[in-house]
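Notes for the one structure printed next.
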Amino acid sequence: MIGYVLGNYLVRTGKITREALSDILRKMEDSRAQLGALAVSEGLMTPAQAEEINLLQAERDAYFGDLAVEEGYLTPEQLKELMKKQGDPYLCCSKVLIQEGILSERELGEALEEMRKEEGLTPEQLEEVKRGAVEKLLPGFLPEEAQDYAPLAGTVLRTVIRLADRNAYPGRGEMCERFPERRQVHQALVFDGGLVDCFAEEEGGLMELAGIFAQEEFTDLNEDVMDAAGEFLNCANGLYISGLSRKGVFLELKMPSAERSAHDLVPGSLCSIPVYVRGRSLRLVLAKIAEEL
Amino acid sequence: MEEKIRIMIVDDSKTSRKLLRGILERGGYEVVCEAVDGEDAWGKYREIRPDLVTMDITMPKMDGVEALSMIRKEDPTARVVMISASGQREKMTMAIRRGASDFITKPFDEKKVLATVGAVLEE
């Protein structure tokens, strides 16, 4: 995530080109191993156990390492050690930027500080961005009135990271009056009221997300893109309601739809969050459904 | 030449049908037809009689559980594997009670899909 956040800032401010950013991100990917592959290569888990955890992740919104500890395949100490070996995302990013001669250490420090101010991040939030801890970052990116959207938005975002782009990241959310004008796909999660969430296209992010999920290269924002985006949203929301059901809260997942939600929404409850997939933005919009009388 | 096992895919999402078709064909199965909702599935099942059906649960017109019931009523030996996103435990349980052979969770994992389909066909 830090590679994309900082990289996009460097592109925006003209310090690097978009092509150079793609190259940097590829090098970062190469230098940072997946935790499961590392656990297997260290002999701490068998390939079958790693695969079992990967499958569990399709049903549970949880990190690989946490599930491996929960299933008894790793101890908390082994997980800590593996994460250390896996490498800090920020260190990987800064190493590539400096080694490639794109920025000096001093320039990197200055760029980070400028970016922090421009993005409106506190120093603590910047540390979370550096660590890639989305769930800790998200509440700080949501307006006060939208704090209770953090669990659902967090699940959707983690699903984007796990299934589409491990460098995806959110921007600052804002309350809004209505759904965006551009094409979008909605899904309602209902029970005496409930929630509706929606992916709306912004700057190509929706097409990127749909293309990765459907394993297709889309060039138009057509029905196939909306279908793939709807299926993706369905998977993410499924993980969310699955987590709630373990706590005794049951929501019904309606069919995803490219039509605007027919439910009555709670006035003033719409919150729109930019999400960057492969550096291109889409909007995740959330709203509350009014309780039926 | 050995005849391929014939499978029918039922899902209202074109993306899911395409991904599942790819997985099943790579696994050596023949996807004989696709249906886009429960009603469509019911009609095509009677006509084609595939060896196995993969059935999405949430669909327009007639959902997967209802279509499963219709198919099993017509053919009690029908093998139907239910498909759904996570979080549909209640509907999955209902489908198993109504005779579904097993279930697969979206997003698809190729190995899991092929292992489930293989095991159901061996039963």
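Numbered from 1 within each chain, the chains take letters A, B, ... in sequence-line order.
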By a 4.5 Å heavy-atom criterion (distance strictly below it), what part of B/Q88 contacts chain A: side chain, backbone, both, or neither? side chain
Proximal component of A/E231, with respect to chain B [non-hydrogen, under 4.5 Å]: side chain
Give the interface residues of residues 33-59 of chain B toward chain A, defined by a heavy-atom separation under 4.5 Å. B/T58, B/M59
Would you please go through residues 100-122 of chain B and name the residues with a non-hydrogen atom below 4.5 Å from one of chain A, in numerical order? B/T105, B/K106, B/P107, B/D109, B/K111, B/K112
How close do A/C235 and B/A85 get, heavy atom to heavy atom, and via which atoms? CA-CB, 4.3 Å
Select one option (side chain, backbone, both, neither) describing which atoms of A/L55 are under 4.5 Å from chain B's heavy atoms. side chain
Could you look at A/L163 and say if it's the side chain, the backbone, both or neither that has a heavy atom under 4.5 Å from chain B? side chain
Should B/K18 and A/E216 count as an ion pair when the cut-off is N to O under 4.0 Å? yes
Quick one: do B/D12 and A/M255 satisfy side-chain contact (heavy atoms from CB on, under 4.5 Å)? Show the steps, please. CA-CA 10 Å; B/D12 60 315; A/M255 280 176 50; 3.5 Å; yes
Can you tell which part of A/E51 gets under 4.5 Å to a heavy atom of chain B, answering side chain, backbone, both or neither? side chain
Non-hydrogen atoms of B/T15 and A/F213 that approach each other most closely: CG2-CD2, 4.4 Å
Which answer fits A/Y240, side chain, backbone, both or neither, if we ask what part of it has an atom under 4.5 Å from a heavy atom of chain B? neither
